[in-house]
Number of protein chains: 2
Amino acid sequence: MKLADARNEFIAKWGAFGSHWGINRTMAQIHALLLISAEPLSQDDIMEQLNVSRGNANMNIRELIDWGLVDRVIISGERKEYFVAEKDIWKVATQIVKERKKRELDPMMKVIESLEHVEGDKKDPAFKQFNETISGIKHFGKQADKMLDVMVKADENWFIGSLMKFFR
Amino acid sequence: MKLADARNEFIAKWGAFGSHWGINRTMAQIHALLLISAEPLSQDDIMEQLNVSRGNANMNIRELIDWGLVDRVIISGERKEYFVAEKDIWKVATQIVKERKKRELDPMMKVIESLEHVEGDKKDPAFKQFNETISGIKHFGKQADKMLDVMVKADENWFIGSLMKFFR
DNA sequence: CTGAACTTTCAAAATATATTGAAAGTTTAT
DNA sequence: ATAAACTTTCAATATATTTTGAAAGTTCAG
């Protein structure tokens, strides 16, 4: 397989993969393109290579910057802005974990906590089941939260190394 | 807050939460409803409580069964089928991990592996970057894979207990 | 200050996804 | 074998999300 085909395949598949994860196709494709680009790319480069409109490119580049996955770089003597992706996959993963925890797990846990003390009849099975479910989710959420925090703060070698040794 | 309101709030929020995770709103709501129901529910119960159509309820119940999150139960003397959700949140989580690994991570890793040996010029920076990115993803994917396998096979007390002790 | 280079916005259009409900299919008791 | 009870399907419809591109906004060199 030729490099050009392999690059296209990677971009297409990473785009499709991203869409299972709440990241839209263009955003994942731009990310993929930047991941395999040795040099910074301008917005026009991205528009051209992926065949997307100016607005779409702009919006999704900003979103990637917002997620901490892409940085702006300035090239001296150039007027345009250029963009590069964080290439270290461990950092990419921890960054995504961190953002999703902030955007999804944390708000969910606040809701769960607000549902912990509900009025009701202790004899009512519906009441019992509701409380048991909520407290089970809360318990699980707290554990997950701790673990994700450790992961986000750790560096790869320490984390993976530790886990691997631990799990034999 | 009254139980009825709390239940509605939980169903609504679990539904919204699910949609960040590639699970559609109705599917997540049915799951939420079953999680807090002490008794098995029929399809008609679900349709009525969530105000969804027959087809929609049917399709999403089947999907939940497919994901291993809901079971059919028969109540003796009754013609109708009833449904219950797995209530143990740890089991719910491992089941989801298992399915998503199978549906998403495994196919992605196959693609990555197919992109490992591409023709190209070793001096070309684009070629180098492509190969580095692919091999970084592969390496990370393998570690993630092992870890998820351990998690799926472990039981909660062992897994969480171990991690907590380990991470102090 | 001016205008060229560049970036951002956003309403309209296109696309993708979810939902409905009536019709077709299946199962079971008699 | 029949028909009532129940389940599944699927084309049409509704809803939600993504994409476009022209217009408005910004920055900066001269």
Side-chain angles (χ1 to χ4, degrees), chain A residues 11-34 40-67 70-84 100 103-104, chain B residues 11-34 40-67 70-84 100 103-104:
Chain A
I11 290 168
K13 290 293 165 57
W14 196 256
F17 189 61
S19 64
H20 287 290
W21 287 85
I23 284 162
N24 80 49
R25 206 175 76 247
T26 305
M27 183 172 159
Q29 286 183 349
I30 294 174
H31 188 219
L33 174 60
L34 289 171
L41 301 182
S42 69
Q43 179 169 309
D44 288 275
D45 294 334
I46 292 170
M47 284 163 58
E48 193 186 344
Q49 296 205 43
L50 300 179
N51 278 294
V52 295
S53 70
R54 185 164 298 286
N56 196 10
N58 187 269
M59 166 178 273
N60 285 295
I61 291 169
R62 272 189 300 120
E63 190 86 6
L64 284 163
I65 292 172
D66 224 56
W67 274 74
V70 165
D71 287 329
R72 291 175 209 272
V73 297
I74 35 163
I75 295 191
S76 61
E78 289 261 14
R79 187 75 176 281
K80 249 184 282 199
E81 289 183 327
Y82 285 76
F83 304 95
V84 282
R100 297 199 74 165
R103 294 166 195 228
E104 294 154 27
Chain B
I11 290 168
K13 290 293 164 57
W14 195 257
F17 190 61
S19 65
H20 289 291
W21 287 85
I23 285 163
N24 80 50
R25 207 176 71 248
T26 304
M27 185 173 158
Q29 288 183 351
I30 294 174
H31 188 220
L33 174 61
L34 289 171
L41 300 182
S42 69
Q43 179 170 310
D44 289 275
D45 294 334
I46 292 168
M47 285 163 59
E48 193 187 342
Q49 296 205 42
L50 300 178
N51 278 295
V52 296
S53 71
R54 185 164 299 283
N56 194 12
N58 187 269
M59 165 177 274
N60 285 296
I61 291 169
R62 273 189 300 121
E63 191 87 6
L64 283 163
I65 292 173
D66 223 57
W67 275 74
V70 164
D71 288 330
R72 290 177 210 270
V73 297
I74 35 162
I75 294 191
S76 61
E78 289 261 13
R79 190 74 178 278
K80 250 183 282 198
E81 289 183 327
Y82 284 77
F83 304 94
V84 281
R100 297 198 73 160
R103 294 165 194 229
E104 295 154 26

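Convention: sequence-line order gives letters A, B, ...; per-chain numbering from 1.
Atom CD1 in A:Ile74 sits about 16 Å away from atom C1' in C:dA5, given to the nearest Å. In this structure, CD1 of B:Ile61 is placed 13 Å from P of C:dT19, rounded to the nearest angstrom. Put simply, CG on A:Asp66 is 15 Å from C1' on C:dT8, counting in whole angstrom units. For B:Glu78 and D:dC6, the CD to P distance is 8 Å, given to the nearest whole Å. As a whole-Å value, the separation of B:Tyr82 OH from D:dT7 C1' is 14 Å.
Residue B:Lys80 is the one, among A:Arg79 and B:Lys80, whose nearest nucleotide of DNA chain D lies closer to the 5' end (criterion: closest heavy atom). Nucleotides of DNA chain D nearest to B:Asn56 and A:Asn60 differ in position, and the one nearer the 5' end is that of B:Asn56. Both A:Asn58 and A:Ser19 lie near DNA chain C, and the one whose nearest nucleotide falls closer to the 5' end is A:Asn58.
When all heavy atoms of A:Val73 and A:Phe83 are compared, the closest pair comes out as CG2-N, 4.3 Å. The two residues A:Ile11 and A:Gln29 have their closest heavy-atom pair at O-CG, 3.6 Å. Nearest heavy atom pair, residue A:Ala28 against residue A:Gly15, reads CB-CA, 3.7 Å.
For A:Asn51 and D:dT19, the shortest distance from a side-chain N or O to OP1 or OP2 is not below 4.0 Å. For A:Arg62 and C:dT9, the shortest distance from a side-chain N or O to OP1 or OP2 is below 4.0 Å.
Residue A:Ile74 places its CD1 atom among 12 or fewer non-hydrogen atoms of other residues, nucleotides or ligands, all under 6.0 Å distant.
Within 4.0 Å of B:Glu81, counting heavy atoms only, lie sugar-phosphate atoms of the nucleic acid but no base atom.
Here the straight-line distance linking atom CD of B:Gln43 with atom CZ of B:Arg54 works out to 5.5 Å at 0.5 Å rounding.
DNA chain C is contacted by no residue of residues 25-33 of chain A, taking any non-hydrogen atom closer than 4.0 Å.
Under the 30°/60° scheme for interplanar angles, the aromatic rings of B:His31 and B:Trp14 are found to be tilted.
Over its length, the helix from C:dC1-D:dG30 to C:dT30-D:dA1 turns its helix axis by 20°, as judged from the five terminal pairs at each end, rounded to 10°.
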